[in-house]
Amino acid sequence: MQTSQKHPTSSGFDLYHQPVQNVDPYTRYQVLQRNSCHEIHDNNSQGTTISFEPCKEQYFTLESSPALNDLIGCDSPSYASVSSNSNRSPFSPHASHSYHSDQHQSSDNNYGSPTSAHSSADDSYELKHKLRELEISLLGPDSEIVDSCHCCYEGGHHGASPMAKYNWDQVVEMIPKLDLKEVLSRCAQAVSDGDFETAVGFMNNVLPKMVSVGGDPIQRLGAYMLEGLRARLESSGSLIYKALKCEQPASKDLMSYMHILYQICPYWKFAYVSANAVIGEAMLNESRIHIIDFQIAQGTQWMLLIDALASRPGGTPFIRVTGVDDSESFHARGGGLDIVGKRLSDYAKSRRVPFEFHSAAMSGCEVELENLVVLPGEALAVNFPFVLHHMPDESVSTENHRDRLLRLVKNLSPKVVTLVEQESNTNTSPFFQRFVESLSYYSAMFESIDVALPREDKQRISAEQHCVARDIVNMIACEGPERVERHELLGKWRSRFSMAGFAPCPLSSSVTNAVRNMLREFNGNYRLEHIDGALYLGWKRRALCTSSAWRCY
């Protein structure tokens, strides 16, 4: 394997780029400022059956994070994926079958998710075994350091470990035999334990030679996770995140990168198609429809709905859309919500659909009732597409905007609320658990991107760098209010919606069929399953996002 190199730039960032055939320096990525479990049965023509095996959904507050022994031994949705040889998958098909909401439960309860003790023990043992196996391969079976490491796992010791002496030249020689996921996990554990000498050793001597933004999916993901680890170790996560926001490409370029991901991956189309089908059904007999979209972006979703409603039997309804905006969408568009309003108005006019647009140029955290004017006689739908996980909850702020926003929407008495979110548990998880979960989640995502475009495609590389990498760095390097990527599993969203006064609105077979038809454009490894009234979209054995609908009690 070729040696990667650092390319200093004028902006003061470090860059890790492992030379890969047919990839030129355009692929370099600048990040670090160093001076600062569902079972999916695909019933389509392919007839594929995939198992997402059981686990326990656990939720932790920042104040009650378990010690290392708990991290190693708990049934995280991702520990099974640390080993590249594992066939386990993180989620249970029964995650919400016997769901109960109990406000008196502790923050680390499993929200009624059945678990398999056998699977739990297997997953825990597998992670400990793999990490110890890696230590033995690096240090030798008779090493006292390895024995100390094993005692650390078993005894729950958390803090600087005695694993401080590696022969890094020998480790480098072993790189062709090492598994990148396991090395990343070992480095993350060292960071978590405060074993800085070991962490820096892996970061400086081993990982740069194993990762590449132009390599295979795990090499590309590894490059971004390595930068996140470096930023965390140097306590510069917030500086990196802010620098990445400042270093965004020009609006037209960013829009192009976003469009590439929209075309080659079904995740946003999954959100649009499922929510539009739900709203179309809920508004079937309504003559005046008001939609509040908390992530309006370019407004593309509503062009699709306008087109569908234009030919609705019984006549075309009047449609009013309220778009909530943020600075990131403003930058991507190259302007304010007036651009979206004109685009939608012009399209509605061309389809002869009466239309009105209202703007709420603010983030979801800033929205108040007076910003969302609902007129008498309007049937209201509220849309949350991949946005609620950005709202800080009770573990971040006493204001708890995540739940406040749901209560605010409940006061508007909507006919239906649509929610699409990543199926991942990174909100209040302790660092190491969050790292392993992110490694599992984004490994699947990067694999799904990889099959759509050639590996050396420069646009794909840029799309990953500018649209995905920043989120990864934020989850790994940042804490507190500065960590804005805070995903939760559907079981937790069910709890939040229930406490806010909503009941599930099961998705119909027509919604499922609409999504299945959309997925025909994409690779056959995408999987869709309808479980407890919600839709799960996955890549192979990993659930990646969910779509659900809600109504007021």
### Note: Glu521-Lys269 ion pair, threshold 4.0 Å (strictly below)
yes
### Message
According to side chain to side chain donor-acceptor pair (under 3.5 Å), who are the partners of Thr426, at least two apart in sequence or on a separate chain?
### Response
none
### Summary
Hits for side-chain contact (heavy atoms from CB on, under 4.5 Å) against Ala188, two or more places apart or cross-chain, chain-then-number order -> Leu229, Phe431, Phe432, Phe435
### Under-4.0 Å salt bridge between Glu464 and Arg460
yes
### Query
How far apart are the C-alpha atoms of Glu488 and Arg494, what are their side-chain angles, what is the distance that settles it, and do they pass the salt bridge (charged side-chain N to carboxylate O under 4.0 Å, His left out) test?
CA-CA 10 Å; Glu488 294 184 316; Arg494 290 184 189 276; over 6 Å; no
### Task
Please test Asn427 against Arg483 for side-chain hydrogen bond (donor to acceptor under 3.5 Å, both in side chains), starting from the C-alpha separation and ending with a verdict.
CA-CA 9 Å; Asn427 180 22; Arg483 180 158 64 86; 5.1 Å; no
#### Entry: Side-chain heavy atoms of His390 within contact of Glu485, under 4.5 Å
yes
### Listed partners of Glu394 passing salt bridge (Lys or Arg N to Asp or Glu O under 4.0 Å), at least two apart
Arg496
### Task
Specify whether Tyr257 and His466 have parallel, tilted or perpendicular ring planes, treating 30° as the upper limit for parallel and 60° as the lower limit for perpendicular.
parallel
### Query
Counting only N and O atoms by type, is there a donor-acceptor contact under 3.5 Å from the side chain of Asn205 to the main-chain atoms of Gly201?
yes
### Message
Please enumerate all residues that pass salt bridge (Lys or Arg N to Asp or Glu O under 4.0 Å) together with Asp450, with sequence neighbours excluded.
### Response
Arg220, Arg455
### Task
Just jot down the side-chain contact (heavy atoms from CB on, under 4.5 Å) partners of Pro481, sequence neighbours excluded, or say none.
Val396
### Query
When you check the gap from the basic side-chain N to the acidic O, do Arg542 and Glu437 get nearer than 4.0 Å?
yes
### Residues in ring-ring contact (aromatic ring centres under 6.0 Å, His included) contact with His389, at least two apart in sequence or another chain
His487
